[in-house]
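Just so it is clear, the values below take in all heavy atoms, side chains as well, and ignore hydrogens, waters and symmetry mates. Chain A is the first sequence line, chain B the second, and so forth, proteins listed ahead of strands; every chain is numbered from 1.
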Amino acid sequence: MSGLQPVRGTHDLLPEDMRRHRHVMETARRAALCFGYQEVATPIFEFTEVFKRTLGDTSDVVTKEMYTFTDKGGETVTLRPENTAGVARALISEGLTQHLPLKYFYAGPMFRYERPQKGRLRQFHQTGIELLGVKEPGGDIEVIATGVEFLRRLGAWDRCELELNTLGDTASRQAYRKVLVEYLNSFRDRLSKDSQERLEKNPMRVLDSKDEGDQKIVANAPLSSEYLTDEARDFFAAVREGLDLLGISYTINQRLVRGLDYYCHTCFEITCADLGAQKTVLGGGRYDGLVSLMGGPETPGVGWASGVERCAMVLQQELPAPRPIAIVPMGAAAERRALQIADELRRQDFLVDLGFTGNMGKRMKRANKVSAIAAVILGDDELARGEAAVKLLDSGEQKNVPLGDLAATLAPCR
RNA sequence: GCGGGUGUAGCUCAAUUGGUUAGAGCGCCGGAUUGUGAUUCCGGAGGUUGCGGAUUCAAGUUCCGUCACUCGCCCCA
């Protein structure tokens, strides 16, 4: 092996992987399109402030995971760790708040400086949707339904589980947070070291600690559902009713939280058990505070993001390469003619493989190797008669056809 | 950032307690086969044993460091 390695946590997508990758993105895009979402692309890097301000100073993403550097103009820029901040920024800088509601889909690379493991990379890809300007619970329902439809189309939904929770509105959150911190503080010394830190920075996080001792304490902790305002309670009930109407099953997980302050009301995660520790395949929620936090007008938003690599791992189905038609010329004259024939067929959208070297045996071998569906054999005899021999490689059946009928004959091989 | 496991050919794996020139299968290239993709037969290329250091007469094998992968923690898609 050579000393040349890809940067840690990055990987190459060779054709087989790339087909799965593309299939995942296309499936997501198509599902989103069916719900009225249009594809957008924001830059893969932004001024560092865009992420710092939106993700908060205590989140892991900001404190240890950002790829940040100074460009030649002295600007501090960051490779995007997620796409919601970029979309929100675009909403403001493009003046799009005049055109609400907006429904956007995106797909592309994200970057987080983390320790890689299964399902976690430093450069990875996400698809996602953002619904902006809709404050009604119908927005949450539609966003979740879009994610479910995406996974359904992937053939993964029946192995997935949707977990749902509500964080409530600001009033609910503040009330609950106060009670929770009081409760946890009374057990402070018995909490794990990690959780003692969480208690300072992000008390809600203590709720989903994996430490056994923490879990015992958390088991008796006050529940967020008991501190919801009437509005927040009604909102969540409406979301659940919508999911019920759609026949989307879910489990309520009161310990499911989001780390960032601007999240409110609905949050959800879809996990797939056959993935290991990094099993969240799609996650999202409502972020009504984000746009205003960035300096724009009060604008509600809901959305989700889904990991393309994780989805690709969950994909069971084989995605075979498309099968071309191989042109097999014999001799210099045939080779010149083959160049033109290949060109004509390609203009008609046939997939055509024309080799560069080799005698007939070599070329037939290559045709077999690229799993060609048919070979078009051009020898002096055939050309003299204005014909080509067309051999179907699955059956071995072969017949001569006039060159003028080639496209028609090959039509079933398209 | 923390902890465990693993690194031998393109791939899957061998290589007695440290002992000569690190092997095999598959794959690849060429030939048997300048008008046919299977199979078969023959030949060939391909390795700084991840990298660096230490111990030793001698290291793929032992030790240390490092890099990468992997499983988990943290966190997340």
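The base of B/rC69 has none of its N or O atoms less than 3.5 Å from a complementary donor or acceptor on the side chain of A/R8. With hydrogens and angles ignored, no donor-acceptor pair under 3.5 angstrom links the side chain of A/R115 to the base of B/rC69. In the interface, the side chain of A/K118 is not paired with the base of B/rU70 through any donor and acceptor atom under 3.5 Å apart. Within 3.5 Å, a donor on the side chain of A/Q278 pairs with an acceptor on the base of B/rC75, or the reverse.
If you check the side chains of A/Y287 and A/E130, you find a donor sitting under 3.5 Å from an acceptor. A/T280 and A/T271 are not linked by any side-chain donor-acceptor pair at a separation below 3.5 angstrom, with hydrogens and angles left out of the test.
Among the protein residues, A/E309 comes within range of no part of the nucleic acid, since none of its heavy atoms lies under 4.0 Å from any strand. Note on A/L121: a base of the nucleic acid sits closer than 4.0 angstrom, heavy atoms only. Contact annotation for A/G9: backbone-only contact, meaning every heavy-atom pair under 4.0 Å involves sugar-phosphate atoms and none involves a base. Counting any heavy atom pair closer than 4.0 Å across all strands shown, A/G396 reaches a base atom. Contacts of A/R120 with the nucleic acid, taken as non-hydrogen atoms under 4.0 Å apart, include base atoms. No engagement by A/G128 is indicated, since no non-hydrogen atom pair under 4.0 Å with the nucleic acid exists. Counting non-hydrogen atoms under 4.0 angstrom, A/A305 reaches the backbone sugars and phosphates but no base. Using a 4.0 Å heavy-atom cutoff across all strands shown, A/K362 reaches sugar-phosphate atoms only and no base atom. Counting any heavy atom pair closer than 4.0 Å across all strands shown, A/K391 reaches a base atom.
Candidate nucleotides B/rC69, B/rC75, B/rG37 were compared by shortest atom distance to the side chain of A/L393, and B/rG37 ranks first. Among B/rA77, B/rG31, B/rG37, the nucleotide with an atom closest to any side-chain atom of A/N368 is B/rG37. Of all nucleotides listed (B/rC29, B/rU36, B/rA77), B/rA77 comes nearest to the side chain of A/T280.
Between A/F69 and A/F45, the ring planes lie tilted relative to each other; the angle falls in the 30° to 60° range. Ring geometry for A/Y227 against A/Y176 counts as tilted: the plane angle lies between 30° and 60°, on a 0 to 90° scale.
A 6.0 Å sphere centred on CD of A/Q340 holds more than 12 heavy atoms belonging to other residues, nucleotides or ligands. The number of heavy-atom neighbours closer than 6.0 Å to CD of A/E16, taken from other residues, nucleotides and ligands shown, is 12 or below.
B/rU8 and B/rC69 are spaced 14 Å apart, taking the P atom of each and rounding to whole Å. For the C1' atoms, the distance from B/rA9 to B/rU70 is 22 Å, rounded to whole Å. Across the P atoms, B/rC51 and B/rU61 are found 11 Å apart, a figure rounded to whole Å. Here the separation of B/rG4 from B/rG44, taken at their C1' atoms, is 44 Å to the nearest Å. Taking the C1' atoms as reference points, B/rU55 lies 8 Å from B/rU62, given to the whole Å. Using P as the reference atom, B/rG50 and B/rU12 are 14 Å apart when rounded to the nearest Å. Here, B/rU56 and B/rC74 have their C1' atoms 43 Å apart, quoted to the whole Å. Taking the P atom of each, B/rA22 and B/rC13 are spaced 23 Å apart, rounded to whole Å.
One atom, NZ of A/K279, and another, C1' of B/rG72, lie 14 Å apart when rounded to the nearest Å. Taking atom CD on A/E397 and atom C1' on B/rU36, their separation rounds to 15 Å, with Å as the unit.
Between A/Q117 and B/rG72 there is a side-chain polar atom (N or O) within less than 4.0 angstrom of OP1 or OP2.
With contacts defined as side-chain heavy-atom distances shorter than 4.5 Å, the pair A/S224/A/Q254 qualifies.
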Protein-nucleotides 32-35 of chain B N/O pairs closer than 3.5 Å?
from	atom 1	to	atom 2	distance (Å)
B/rG35	O6	A/D381	OD2	2.9
B/rG35	O6	A/E382	OE1	3.4
B/rG35	N1	A/E382	OE1	2.9
B/rG35	N1	A/E382	OE2	2.9
B/rG35	N2	A/E382	OE2	2.5

